[in-house]
Amino acid sequence: MDRGVNAALLVLGEVITDIVARHTAPLAPGTDTAAVIRTVPGGAGANVACWAAHQGAPDVRLLGRVGATTAAWHQRLLTAAGVRPHLVVDPHAPTGTVISLVDAGAGAERTFLTDSGTAPRLGAADWTDAFLDGVARLHLSGYLFFTPSGRGMVDAAKWSARARGVPVSVDPASAGFLGDLGADRFLALADGVDILLPSEDEARQLTGWPDAEDAAAQLSRAFPLVVVKRGAKGALVARDGAVRARVPAFPVARTEDTTGAGDAFTGAFLAALLRGSGITDAVTEGCRAGARAVSQVGARPVRGTDGTQGVYGMDRAQGVQGVQGPDVMRGLHGTHRTDGSRRTDGTDGTDGGPC
């Protein structure tokens with residue numbers, strides 16, 4: 001397989017509709033709190049894919065699961081972002097929704113209210129080894145580890161990648177869900193992964209070490225490469241039981257929204273690796289993208305001129321079903337198109353393969 005600059009990145013993960021509410025005053029229980037509210041596309045897996053494409057990766061693919069109502073909207077925006085989406089349309093559940101409460105008066109810290117919707121239903125039945133054709137790197141969103149169906153997908157994809165010699169990276173994704181699952185179970189499920197990309201809090205949770213450098217070093221005894229994302233403190237690179245590099249963060253004039261900063265880091269890091277960059281240079285690109293991400297509203301790369309996601313916002317005039325096209329999305333009961341029709345003859349109606 002060609003592992004050069006034209007090789008693909010495949011991301012497995014969630015596609016989510018984000019409702020971002022930025023408020024400057026503390027939330028007032030029992031009454032109104034003024035806020036600026038936007039509806040934008042999100043989801044850790046989709047965000048990583050979009051940032052990788054934004055950073056120049058020429059072939060970025062995403063496998064995710066969405067509900068029928070918002071399928072066309074997400075398909076259109078992912079394609080516009082330079083991603084090749086392969087979306088399983090779920091006839092029984094809506095696309096996941098996350099309400100992100102961003103406190104603009106407290107360093108843009110955010111709190112999430114999560115309705116996972118279709119995201120936990122992505123599973124081994126949606127996988128085929130052909131998804132790895134032409135793929136140089138596979139990235140798994142950590143959210144897949146937190147549901148039985150997702151764990152089935154992780155197992156199927158991870159071992160398929162190992163059989164083909166495709167390196168696998170994982171971002172644990174959620175300190176809260178990681179705590180519920182348990183560190184030992186997560187580490188067992190992640191066995192065989194080549195690159196682990198935890199946040200500082202996640203690294204501590206996975207090891208029990210209070211110091212981030214100690215945690216990174218400990219994790220690098222279990223994984224060939226560990227990159228710990230530390231936000232405004234930059235990132236740590238650990239290998240073979242020791243921290244090998246400390247990469248500083250980039251300055252940010254004003255923090256608007258920290259949602260998706262870790263996804264931006266991961267996408268840019270993986271895009272740099274695909275270009276042939278060394279590890280430290282790739283981590284530097286991750287830090288640069290993370291700084292850009294916190295300087296805007298929303299978790300995807302900026303396309304508008306007002307610091308928001310521009311055309312990524314929900315088109316209320318046309319609705320979410322306003323895009324028609326030949327793209328086909330494999331469903332549980334036949335093959336679903338963005339126009340609502342489906343095929344049951346076992347073909348996908350595209351160019352002969354799932355990717």
Side-chain angles (χ1 to χ4, degrees), residues 9-19 40-52 60-67 70 74 78 83 85-88 90 93-100 110-127 131 138-158 161 168-183 185-191 193 195-199 201-203 205-206 229 258-267 269-270 293 299-300:
L9 168 67
L10 174 62
V11 180
L12 307 189
E14 55 291 323
V15 179
I16 297 290
T17 301
D18 282 344
I19 300 173
V40 294
N47 296 340
V48 168
C50 288
W51 279 99
V60 182
R61 310 171 190 182
L62 171 70
L63 175 60
R65 197 175 185 95
V66 294
T70 56
H74 282 292
L78 287 163
V83 176
H86 306 282
L87 303 180
V88 180
D90 193 318
T95 302
T97 301
V98 172
I99 299 176
S100 178
R110 76 270 195 229
T111 300
F112 297 133
L113 301 174
T114 302
D115 178 353
S116 297
T118 55
R121 298 165 66 95
L122 186 69
D126 301 317
W127 175 257
F131 278 123
L138 171 66
H139 180 73
L140 305 176
S141 168
Y143 285 105
L144 293 170
F145 288 69
F146 304 135
T147 66
S149 181
R151 289 190 285 271
M153 171 63 85
V154 166
D155 194 57
K158 184 177 64 171
V168 180
S169 55
V170 171
D171 182 338
S174 171
F177 289 155
L178 183 59
D180 294 338
L181 180 67
R185 191 173 185 194
F186 180 90
L187 292 171
L189 291 165
D191 179 50
V193 164
I195 304 176
L196 188 70
L197 295 142
S199 69
D201 287 344
E202 291 157 359
Q205 279 186 281
L206 287 170
K229 298 173 287 187
T258 56
T259 304
D263 302 332
F265 180 107
T266 298
F269 169 77
L270 294 173
R300 302 268 180 94

Self-check item: CA sep, side-chain torsions, deciding dist, call: Thr147, Leu122, side-chain contact (heavy atoms from CB on, under 4.5 Å)
Solution: CA-CA 9 Å; Thr147 66; Leu122 186 69; over 6 Å; no
Self-check item: Criterion side-chain contact (heavy atoms from CB on, under 4.5 Å) on Leu206 and Leu196, from CA distance to verdict
Solution: CA-CA 11 Å; Leu206 287 170; Leu196 188 70; 4.1 Å; yes
Quiz prompt | Evaluation steps, side-chain contact (heavy atoms from CB on, under 4.5 Å), between Asp171 and Ser169 | solution = CA-CA 7 Å; Asp171 182 338; Ser169 55; over 6 Å; no
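At a threshold of 4.5 Å between non-hydrogen side-chain atoms, the residues Phe265 and Leu197 count as touching. Annotation: side chain of Arg300 is in contact with side chain of Leu78 (closest heavy-atom distance under 4.5 Å). Between Val11 and Val83 the shortest side-chain heavy-atom distance does not fall below 4.5 Å. For the pair Trp127/Leu12, a side-chain contact is recorded, criterion being any heavy-atom separation below 4.5 Å from C-beta on. Annotation: side chain of Cys50 is not in contact with side chain of Val60 (no heavy-atom distance under 4.5 Å). The shortest distance between side-chain heavy atoms of Thr118 and Val15 does not fall below 4.5 Å. The closest side-chain heavy-atom distance from His74 to Thr17 is below 4.5 Å. Proximity of Arg151 to Leu181: side-chain heavy atoms (C-beta onward) are separated by under 4.5 Å at one or more points.
Take Ser199 and apply the side-chain hydrogen bond (donor to acceptor under 3.5 Å, both in side chains) test, not counting sequence neighbours, and it matches Glu202.
In this structure, Trp51 contributes its side chain and Ala299 its backbone to a donor-acceptor pair below 3.5 Å. The backbone N or O of Ala188 sits nowhere less than 3.5 Å from a side-chain atom of Asp191 that would complete a donor-acceptor pair. Judged by distance alone, with hydrogens and angles left aside, the side-chain atoms of Arg65 form no donor-acceptor pair with the main-chain N or O of Pro120 at under 3.5 Å. At least one donor-acceptor pair under 3.5 Å links the side chain of Thr95 to the backbone N or O of Gly67. Not one N or O on the side chain of Glu14 forms a donor-acceptor pair closer than 3.5 Å with the backbone of Gly43. Looking at Lys229, its side chain never comes within 3.5 Å of a backbone N or O of Ala261 through a donor-acceptor pair.
In terms of heavy atoms, Ala124 sits closest to Gly152 at CB-O, 3.6 Å. Contact detail for Ala173 and Ser141: the closest heavy-atom pair is CB-OG, 4.5 Å. The shortest heavy-atom contact between Pro198 and Pro172 is CA-CD, 3.6 Å. Contact detail for Ala157 and Leu138: the closest heavy-atom pair is O-CD2, 3.7 Å.
Rounding to the nearest 0.5 Å gives a distance of 8.5 Å between CG of Leu189 and CG of Asp155. If you take CG on Leu178 and CG on Asp201, they are separated by 10.5 Å, rounding to the nearest 0.5 Å. With rounding to the nearest 0.5 angstrom, the NE2 atom of His139 is 7.5 Å from the CG atom of Asp263. Atom CD1 in Ile16 sits 11.0 Å away from atom CZ in Phe112 (nearest 0.5 Å). Here the CG-CE distance, from Leu144 to Met153, works out to 7.0 Å after rounding to the nearest 0.5 Å.
Taking the six-membered ring where tryptophan is involved, the planes of Phe146 and Tyr143 are perpendicular, since the angle between them exceeds 60° and thus also 30°.
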